[in-house]
Amino acid sequence: MGFALLPVLVSVLTIQYAAAQSFNCSSSDPSTCHALVGYITVNNTNLGAIQSLFSVKNLRSLLGANNLPLNTTRSYAIPAQQVIKVPINCLCNNNTGTSSGAPIYTVQPGDGLYHIAAEVFSRLLLFPQIAAANNIRDANLITIGDKLKIPLPCSCDEVDGQKVVHYAHMVKSGSSLGEIAQEFGTNEETLARINGIKADSDLKADQPIDVPLKACNSSISGDSFDFPLLVANGTYLFTANGCVKCMCDAANNWTLHCEPSQNKPSKWDTCPSMKCQGAEGLSIGNSTAAGCNRSTCSYAGFNNSTIMTTLVQDSSSCSRTASPPSNDVSRINSNWDCLFILVLLGFHLFQ
């Protein structure tokens with residue numbers, strides 16, 4: 001009797017959740033980028049389990065997205081209801097963005113599409129989206145061991161003419177656009193526009209909203225394999241086949257800071273030279289100063305065999321150098337001092 005009601009239940013849920021919010025991609029041509037999703041852990045777990053669930057290739061990618069130390073291990077404990085940012089590859093196609101290639105989920109005993117969407121992946125997507133991505137006509141007909149593509153929401157769109165890192169943030173009950181905007185350094189108008197929301201009442205608890213995260217400015221060349229390299233505030237990542245570590249910190253004037261990673265490269269035998277020409281051995285991430293002028297060797301990208309660098313000149317501190325007191329002020333102070341001394345001498349002469 002219970003099994004007879006299951007198709008009816010699934011049909012009801014399909015109608016209820018058919019209006020799943022997707023993230024917009026304005027480009028009509030397919031494009032790819034890196035994005036982030038905010039996964040809320042259902043139970044106590046660890047980084048290794050999250051890495052496996054989302055098919056994240058390298059643990060250090062997960063560490064960088066959450067600004068965790070590089071010596072953090074897969075066994076690092078994560079409590080229930082903790083938000084973990086997960087990096088994904090995003091594919092924009094037909095004006096919609098979804099994760100590309102991963103994650104791939106293997107159906108377990110007792111699984112159903114609703115359970116997979118709502119509980120395993122913590123409502124980052126809805127089960128009709130899983131069904132559509134895998135050409136499943138009957139949500140009741142999935143088999144243990146089936147491999148399912150999980151189409152997580154994402155976007156590659158520019159926002160107000162700026163390239164950003166799109167983040168799928170899970171809306172909490174009672175949240176407002178203003179609170180979300182303040183938390184992530186954006187504004188209400190932008191959030192409302194890119195999500196098609198007119199008022200706080202349009203926000204749906206336990207569903208993702210597209211939040212654009214500002215990325216640090218960089219010197220990446222347009223012909224680099226990793227262009228555009230977008231790193232959101234408070235995160236780091238590895239590029240150039242793992243040879244270079246790049247970090248974004250708003251306190252560093254929103255300027256991307258890159259340095260040699262000391263990692264073993266993934267596709268090269270050894271990491272190529274990372275020194276700037278004409279800088280007497282200055283390597284990526286290092287600076288030299290002459291007076292108030294500073295020269296920094298910055299990462300500029302990579303190709304099949306080379307890591308590109310560029311020497312960036314910064315003289316902004318020159319304008320902040322304190323000016324000496326003006327001659328007029330010094331002269332006035334000296335005149336008053338002389339007058340005071342003459343008055344004292346006159347007073348003693350007439351004693």
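Note that this is a predicted model, so its numbers are computed, not measured. Residues take their numbers from the sequence shown, with the count starting at 1.
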| task | Compute both the distance and the angle, then confirm whether Lys85 meets the cation-pi test with Tyr167: under 6.0 Å from the six-membered ring centre, within 45 degrees of the axis. | result | yes
| note | Between Pro153 and Ala168, the two heavy atoms sitting closest are O-CB, 4.1 Å
| field | Spacing of Gln262 atom CD and Leu70 atom CG [to the nearest 0.5 Å] | value | 11.0 Å
| Interatomic distance, Gln108 atom CD to Asp146 atom CG [nearest 0.5 angstrom] | 11.0 Å
| task | Would you check, one step at a time, whether the test side chain to side chain donor-acceptor pair (under 3.5 Å) holds for Ser75 with Thr73? | result | CA-CA 5 Å; Ser75 61; Thr73 65; 2.9 Å; yes
| task | Check whether any side-chain heavy atom of Val120 lies under 4.5 Å from a side-chain heavy atom of His115, and answer yes or no. | result | yes
| Between Lys275 and Thr309, which heavy-atom pair has the shortest distance, and what is it? | O-OG1, 3.2 Å
| Check: Thr106 side chain, Gly145 main-chain N or O, donor-acceptor pair, under 3.5 Å | no
| query | Does the Asn67 side chain pair with the main chain of Leu63, one donor and one acceptor, at a distance under 3.5 Å? | reply | no
| query | Between Ile284 and Cys258, which heavy-atom pair has the shortest distance, and what is it? | reply | CG2-O, 3.1 Å
| Would you say Leu230 and Val211 are hydrophobically clustered, going by side-chain heavy atoms of ILVMFWY under 4.5 Å? | yes
| Heavy-atom donor-acceptor pair, Ser52 side chain to Gly48 backbone, under 3.5 Å | yes
| message | Membership question, hydrophobic clusters at under 4.5 Å side-chain separation (ILVMFWY): are Leu53 and Val83 in the same one? | response | yes
| Donor-acceptor side-chain pairing of Arg74 and Gln51 below 3.5 angstrom | yes
| Where do Thr190 and Asn187 land on the side chain to side chain donor-acceptor pair (under 3.5 Å) test, with the steps shown first? | CA-CA 6 Å; Thr190 298; Asn187 59 71; 2.9 Å; yes
| Side chains of Met274 and Ile307 in contact at under 4.5 Å (non-hydrogen atoms) | yes
| said: If hydrophobic clusters are built by linking Ile, Leu, Val, Met, Phe, Trp and Tyr wherever their side-chain heavy atoms come under 4.5 Å apart, do Val231 and Phe225 end up in the same one? | reply: yes
| query | Between Cys216 and Cys248, is the SG gap short of 2.5 Å? | reply | yes
| field | Atom pair OG/CG of Ser295 and Leu311 - distance to nearest 0.5 Å | value | 5.0 Å
| Between the side chains of Asp226 and Tyr299, does any donor sit under 3.5 Å from an acceptor? | yes
| What do the steps show when you test His34 against Asn89 for side chain to side chain donor-acceptor pair (under 3.5 Å), and what is the final call? | CA-CA 5 Å; His34 295 293; Asn89 292 320; 3.1 Å; yes
| query | Would you call Asp160 and Lys214 a salt bridge, using N to O less than 4.0 angstrom? | reply | no
| Within the side chain of Asn303, is there an N or O that forms a donor-acceptor pair under 3.5 Å with the backbone of Ser305? | yes
| task | Decide, based on the SG atoms alone, whether Cys92 and Cys25 are under 2.5 Å apart. | result | yes
| query | Are the side chain of Ser99 and the backbone N or O of Ile150 linked by a donor-acceptor pair below 3.5 Å? | reply | yes
| message | So Leu237 and Thr235, do their side chains get closer than 4.5 Å, heavy atoms only? | response | no
| Got a second to check how far Leu256's CG is from Ile220's CD1, nearest 0.5 Å? | 6.5 Å
| message | Quick one, Thr288 and Arg294 - any side-chain contact, counting heavy atoms below 4.5 Å? | response | no
| task | Could you go through the side chain to side chain contact (heavy atoms under 4.5 Å, CB included) check for Gln81 and Ile40 one step at a time? | result | CA-CA 5 Å; Gln81 300 302 305; Ile40 301 177; 3.7 Å; yes
| query | Between Asn233 and Asp249, does a side chain to side chain contact (heavy atoms under 4.5 Å, CB included) hold up when you go through it step by step? | reply | CA-CA 5 Å; Asn233 182 37; Asp249 184 352; 4.2 Å; yes
| request: Please report the shortest heavy-atom distance between Ile130 and Leu125, naming the atom on each side. | output: CG1-CD1, 3.5 Å
| message | Hydrogens and angles aside, do Thr255 and Asn252 bring a side-chain donor and acceptor to less than 3.5 Å of each other? | response | no
| Cys243 and Cys271 SG atoms under 2.5 angstrom apart | yes
| More than 12 foreign heavy atoms under 6.0 Å from NE2 of His257: is that the case here? | yes
| Which heavy-atom pair separates Val42 from Glu119 by the least distance, and what is that distance? | CG2-O, 2.9 Å
| query | Does any N or O in the side chain of Ser175 come within less than 3.5 Å of the main-chain N or O of Lys172, such that one atom is a donor and the other an acceptor? | reply | yes
| message | Taking the side chain as everything from C-beta on, heavy atoms only, tell me whether Leu68 gets closer than 4.5 Å to Leu47. | response | yes
| query | So, does Asp202 use its side chain to make a donor-acceptor pair with the main chain of Ala199 at under 3.5 Å? | reply | yes
| Say you draw a straight line from CG of Asp210 to CG of Leu191; how long is it, rounded to the nearest 0.5 Å? | 8.5 Å
| query | So how far is it from Leu152 CG to Cys154 SG, rounded to the nearest 0.5 Å? | reply | 8.0 Å
| field | Side chain proximity check, Ile116 to Tyr105, heavy atoms < 4.5 angstrom | value | yes
| task | Output, in order, the C-alpha distance, side-chain angles, deciding distance and verdict of side chain to side chain donor-acceptor pair (under 3.5 Å) for Asn94 and Thr96. | result | CA-CA 6 Å; Asn94 296 323; Thr96 300; over 6 Å; no
| message | Are Leu62 and Ile84 packed together at the side-chain level, in the sense that at least one heavy-atom pair is separated by less than 4.5 angstrom? | response | yes
| request: Using atom types as modelled and distance alone, determine if a side-chain donor or acceptor of Asn286 lies under 3.5 Å from a backbone N or O of Leu282. | output: no
| request: Give a yes or no on whether Gln313 atom CD has more than 12 heavy-atom contacts from other residues, nucleotides or ligands under 6.0 Å away. | output: yes
| task | Tell me whether the centres of the aromatic rings in Tyr39 and Phe121 are closer together than 6.0 Å. | result | no
| said: I'd like to know if the side chain of Ser122 reaches the main chain of Thr41, judged simply by a donor and an acceptor atom lying under 3.5 Å from each other, with no hydrogens or angles considered. | reply: no
| Is there a side chain to side chain contact (heavy atoms under 4.5 Å, CB included) between Tyr76 and Thr45 once you walk through the steps? | CA-CA 9 Å; Tyr76 182 79; Thr45 185; over 6 Å; no
| field | Other residues, nucleotides, ligands: >12 heavy atoms within 6.0 Å of Phe184 CZ | value | yes
| query | Where do Ala65 and Pro87 come nearest, in terms of heavy atoms and distance? | reply | CB-CD, 4.0 Å
| message | Less than 4.5 Å apart, side chain to side chain, heavy atoms only: is that true for Ile194 and Pro212? | response | yes
| request: Given side chain to side chain contact (heavy atoms under 4.5 Å, CB included), test Leu113 with Asn140 step by step and report yes or no. | output: CA-CA 8 Å; Leu113 289 188; Asn140 304 290; over 6 Å; no
| query | Linking I/L/V/M/F/W/Y whenever any side-chain heavy atoms sit under 4.5 Å apart, do Phe302 and Phe238 land together? | reply | no
| request: Determine, using the 4.5 Å side-chain heavy-atom cutoff (strictly less than), whether Leu213 and Val37 are members of one ILVMFWY cluster. | output: yes
| query | Would you say the side-chain atoms of His166 pair up with the backbone N or O of Asp157, donor to acceptor, closer than 3.5 Å? | reply | yes
